[in-house]
Number of protein chains: 2
Amino acid sequence: MTTIRDVAKCAEVSVATVSRVMNKNGYVSKEAEEAVLKAIKDLNYKPNSVARSLYHKTSKMIGLLIPDISNPFFPELARAVEDVALTYGYTVVICNTDDDSDKERHYIDALKQKYVDGLILATNQLTMEDYHDLNIPLVMLDRSNNQSTPTVVSKNFEGAKEATELLISKGSRFIAHIRGPYQVKTADDRYLGFKEVVEDRGIAHVVVEAEFNIKSSKQVTQELFDRYPTIDGIFASSDVMAAGVMKATKQLGKRIPEDVQLIGFDGIPLGEMLIPSLTTVTQPIYKMGTIAARLLIKQIEKQPLDIMKYELETKITLGETTRSDSFAKT
Amino acid sequence: MTTIRDVAKCAEVSVATVSRVMNKNGYVSKEAEEAVLKAIKDLNYKPNSVARSLYHKTSKMIGLLIPDISNPFFPELARAVEDVALTYGYTVVICNTDDDSDKERHYIDALKQKYVDGLILATNQLTMEDYHDLNIPLVMLDRSNNQSTPTVVSKNFEGAKEATELLISKGSRFIAHIRGPYQVKTADDRYLGFKEVVEDRGIAHVVVEAEFNIKSSKQVTQELFDRYPTIDGIFASSDVMAAGVMKATKQLGKRIPEDVQLIGFDGIPLGEMLIPSLTTVTQPIYKMGTIAARLLIKQIEKQPLDIMKYELETKITLGETTRSDSFAKT
DNA sequence: GCCTCTTCTGTAACCGGTTACAGATAATAT
DNA sequence: ATATTATCTGTAACCGGTTACAGAAGAGGC
């Protein structure tokens, strides 16, 4: 490995001069600069970022804490964060916390010891105090629970309202909502949106909880139809859950959308792959990731933030799990 | 931030003693050890891994190079690598190369400068020489093109043979294979397995190329049926491609599996979510990831490798895209 | 009492960068 | 001619760990 001292020797200058050339600061004569640049090229010198980190107490790395990369909502988010990070010269470290606070704490400690420059939190099992004590820039992504930390979320409440209204407008009169876990803020917001609409409109409804995976929602759906066979519309809190609903209805011999209409939430690629394709509330996932990354990097680079909380618009993506005409079945 | 010097001062010993206590080497008296441990606890001291890295020239980080984390094959692989890495105290840095050699080179340079301890390559755009010059432990995952580097792949050739035989045994007589890109080794192996069986058995067949995404395979399928409407079996080189096939056949009014049987390759969770659920050649994806990670860490820790090339068994997962009886339609 | 060996400890150099500081030279102002 | 400033350069300290080395103290053998 070539070091700065090798370069200095080769260019017959001091290490300080080499450093000045590389960082373009301080005075360096034309000749010295050329000699250094030539030496760098000849030796194929790449400065060691660990040494740099040690002095600057920064690492050009950011941490991305997510529950689980195998949950299909997160890869696109991660990809967006990485794409932005790359253009600014940052490296992303993805950590799967499994919503386990010990794991999360462990990762945060490890990252801190590596002088990680900032964290994007798409998971939050710890208290805000824990995060605050870190003394590094933070961004909350997809989960907001705090005013003072920059946040990127989509309009879960409004999206859920639209989803529910869509089901009603297309003829559903007894609607079930399969909500996500109670402690998850986004699941709560979607539930509240649903609740507001069905209560306002006086629509029969039922709410059950499931985890954000296919197995759990499939089982919950089966139980749901067991008890309420007349349900004719389902709003699932995520697309993966909606896939579970489809599995269950298929087994039960219910037709989608003729007997039961279905709408999901997220807009992950899976929805399009399903047959029938899923009607869903699409979040701008990639965009959320890019905004979060930029927001974090701005903080790291001490630029002022004009907006602290981004609430992005969702939009309905019409698939084949809702009926095309409003009164196909009454 | 507390440093080792703070701890030394607090415990009234030298930094060397503190270091000796932490690393459990060299002689330390009982009293000194206790004082140091107390100081570490009182000050909540966490050694700085950057400083450690600088001295040891290692980072406890490994790089995972994949084409694209949003391709659903990779999250599970990444998850497996991370889970193993975590238990050995390593941090994983995932890099999306998009099969772009410049990007790959850039990432490798960046990782090298961070003293990354090893790399898992699930992508290979560069020549083996490029990798070899790095002088750090490597593992090839899912793509093998070299004898001297430890490798983890599944039996693509054999899996493809089984897939083709399954279609035939269940009655398909004109089979199309939608293969992956020519330069990808795994796509080639699957193609060769298919070729051997159809040629051996004298089955009518056709092969077309597509990318590993839904859009491309959907379009290719449409063109395929345009030209060969009598195709009654399709072997897709990946599950995502198979989803594209399903989309296309749906639009064309062909029924699966009554008119056309379909089998994919990979065994990603998506397959189960599809309706009908996908028959596929399941690779032990998670296992591949864990083996690759262990193989890499063994090398990093200078342990001998007993096996250089792992070729893992695939298994057929029967879904609803193939017929249950052998002669449903002749 | 003297020598050897084990146990224990601290000083200082090192990893590979960055930069404060001081010293040297050249250019410009007075 | 002298003072002032701008330009240029190298030495050495520093970031926060690790460890070679040397020295001190005590135990045990002769």
Side-chain angles (χ1 to χ4, degrees), chain A residues 1-37 39-40 43-61 89 109-117 135-136, chain B residues 1-37 39-40 43-61 89 109-117 135-136:
Chain A
M1 186 147 200
T2 36
T3 74
I4 196 170
R5 281 160 238 275
D6 299 329
V7 176
K9 203 168 290 173
C10 174
E12 295 180 305
V13 297
S14 73
V15 292
T17 303
V18 177
S19 181
R20 278 190 276 257
V21 170
M22 291 200 311
N23 299 303
K24 299 190 202 335
N25 58 18
Y27 294 109
V28 180
S29 68
K30 259 264 159 343
E31 306 86 67
E33 186 181 352
E34 273 165 22
V36 168
L37 289 175
I40 287 176
L43 301 173
N44 187 29
Y45 168 68
K46 302 268 167 58
N48 179 313
S49 35
V50 176
R52 228 173 216 177
S53 277
L54 184 59
Y55 185 88
H56 285 304
K57 295 179 194 295
T58 66
S59 61
K60 282 273 172 184
M61 294 199 297
D109 277 352
L111 292 173
K112 188 86 201 273
Q113 289 169 46
K114 290 186 194 304
Y115 281 141
V116 84
D117 294 345
N135 256 317
I136 56 174
Chain B
M1 182 145 203
T2 36
T3 74
I4 197 170
R5 282 159 237 277
D6 299 329
V7 176
K9 202 167 290 172
C10 176
E12 295 180 305
V13 295
S14 73
V15 291
T17 302
V18 177
S19 181
R20 279 190 275 259
V21 170
M22 291 201 311
N23 299 302
K24 299 189 203 335
N25 59 18
Y27 293 110
V28 180
S29 68
K30 259 268 165 328
E31 307 87 67
E33 186 181 352
E34 273 163 23
V36 169
L37 289 175
I40 287 175
L43 301 173
N44 187 29
Y45 168 68
K46 302 268 166 60
N48 180 313
S49 33
V50 176
R52 233 174 209 173
S53 277
L54 184 59
Y55 185 88
H56 282 125
K57 298 179 193 297
T58 65
S59 61
K60 283 271 170 184
M61 293 199 298
D109 277 352
L111 292 174
K112 188 88 203 272
Q113 288 169 47
K114 290 187 194 303
Y115 281 141
V116 83
D117 295 343
N135 256 316
I136 56 173

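Bear in mind the structure is a predicted one, so any value in this text is a computation, not a measurement. Below, chains carry the letters A, B, ... as their sequence lines are ordered, and counting in each starts from 1.
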With a 4.5 Å heavy-atom cut-off, do [X] and [Y] have their side chains touching?
X: B:Arg20; Y: B:Asn25; value: yes
X: A:Met61; Y: B:Lys114; value: yes
X: A:Leu43; Y: A:Cys10; value: yes
X: B:Val18; Y: B:Val13; value: yes
X: A:Thr17; Y: A:Val28; value: yes
X: A:Met22; Y: A:Pro47; value: yes

Residue pair [X] / [Y]: nearest heavy atoms and the distance that separates them:
X: B:Asn48; Y: A:Tyr115; result: ND2-OH, 2.7 Å
X: A:Val50; Y: B:Ser53; result: CG1-CB, 3.7 Å
X: A:Val116; Y: A:Ser59; result: CA-OG, 3.3 Å
X: A:Ala11; Y: A:Ala39; result: CB-CB, 3.9 Å

| For DNA chain C, what residues of residues 43-51 of chain A have any heavy atom nearer than 4.0 Å? | A:Tyr45, A:Pro47, A:Asn48, A:Ala51

| field | Contacting residues from residues 8-19 of chain A, given that a heavy atom lies under 4.0 angstrom of DNA chain C | value | A:Ala16, A:Ser19

| field | Contact interval (first through last nucleotide) of DNA chain C with protein chain B, 4.0 Å heavy-atom | value | C:dT7 to C:dG16

Rounded distance (nearest 0.5 Å) linking atom [atom1] of [X] with atom [atom2] of [Y]:
X: A:Arg52; Y: A:Lys60; atom1: CZ; atom2: NZ; answer: 9.5 Å
X: A:Leu54; Y: A:Ser49; atom1: CG; atom2: OG; answer: 12.0 Å
X: A:Glu31; Y: A:Glu12; atom1: CD; atom2: CD; answer: 13.5 Å
X: B:Lys46; Y: B:Thr3; atom1: NZ; atom2: OG1; answer: 15.0 Å

| note | If each end axis of the helix from C:dG1-D:dC30 to C:dT30-D:dA1 is fitted on five C1' pair positions, the angle between them, to 10 degrees, is 60°

| message | At a heavy-atom distance below 4.0 Å, what parts of residues 22-32 of chain B sit against DNA chain D? | response | B:Met22, B:Asn23, B:Asn25

| field | Sequence-distant partners of B:Lys9, salt bridge (charged side-chain N to carboxylate O under 4.0 Å, His left out), two or more places apart | value | none

| task | Would you mind classifying the nucleic acid contact of B:Thr58 as base, sugar-phosphate or nothing, using non-hydrogen atoms under 4.0 angstrom? | result | nothing

